[in-house]
Amino acid sequence: MSCSLPLGSCRPLRVDARPEPEVTVDHDGVVLVDDGRCHLEPWDTFTGHIETERQFILLRASGEPAVTLPKRTFPDAALVAECRRLLAEWLPVR
């Protein structure tokens, strides 16, 4: 199972605003789709993750944030839980 979310889909968009990228989290890693381009970030790209009340933050080796997944963009609590499960399976909590 994967959890897919268009980042920013719950935020109001201005008419001239560029759509946020779509993000899919699955067993291969994190897939970013932006402007029709697809980019896979495999799990070994990240060294861990942090979960806050409002987001999941995937970290680089340096400890710097690489990808932020706002929980508000998930359509329901079940997908937040599925994302949490996948992150725990593939990345240590920091």
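All figures in this text were calculated on a predicted structure; none of them were measured in a lab.
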If hydrophobic clusters are built by linking Ile, Leu, Val, Met, Phe, Trp and Tyr wherever their side-chain heavy atoms come under 4.5 Å apart, do F74 and I50 end up in the same one? no

Are the side chains of L87 and W43 in touch, meaning some heavy atoms are under 4.5 Å apart? yes

Check for a donor-acceptor pair, side chain of D35 on one end and backbone N or O of R37 on the other, with a separation under 3.5 Å. no

For E53 and K71, what are the C-alpha separation, side-chain angles and deciding distance, and is it a salt bridge (charged side-chain N to carboxylate O under 4.0 Å, His left out)? CA-CA 8 Å; E53 182 181 326; K71 292 178 182 178; over 6 Å; no

Within-4.5 Å side-chain heavy-atom neighbours: L32 and D34: no

Considering only heavy atoms from C-beta outward, does the side chain of V30 approach that of L58 to under 4.5 Å? yes

Under 3.5 Å: donor-acceptor pair, side chain of T47, backbone of R60: yes

Correct closest heavy-atom pair for C38 and V33 would be SG-CG2, 4.1 Å

Would a single hydrophobic cluster contain both L69 and I57, if residues Ile, Leu, Val, Met, Phe, Trp and Tyr are joined by side-chain heavy-atom contacts under 4.5 Å? no

Are the side chains of L86 and E89 in contact, using a 4.5 Å heavy-atom criterion? yes

Looking at C83 and V25, what are the two nearest heavy atoms and their distance? SG-CG2, 4.3 Å

Tightest non-hydrogen contact, residues T68 and P70, listed as O-CD, 3.4 Å

What distance separates E82 CD from D26 CG, expressed to the nearest 0.5 Å? 10.0 Å

Side-chain donor/acceptor of R72 to backbone N/O of Q55, under 3.5 Å: no

Using the ring of each side chain (for Trp, its six-membered ring), is H49 parallel, tilted or perpendicular to F56, with breaks at 30° and 60°? tilted

Minimum side-chain heavy-atom gap F46-L91 below 4.5 Å: yes

Do H39 and E41 pair up side chain to side chain, a donor and an acceptor below 3.5 Å, judged on atom types alone? yes

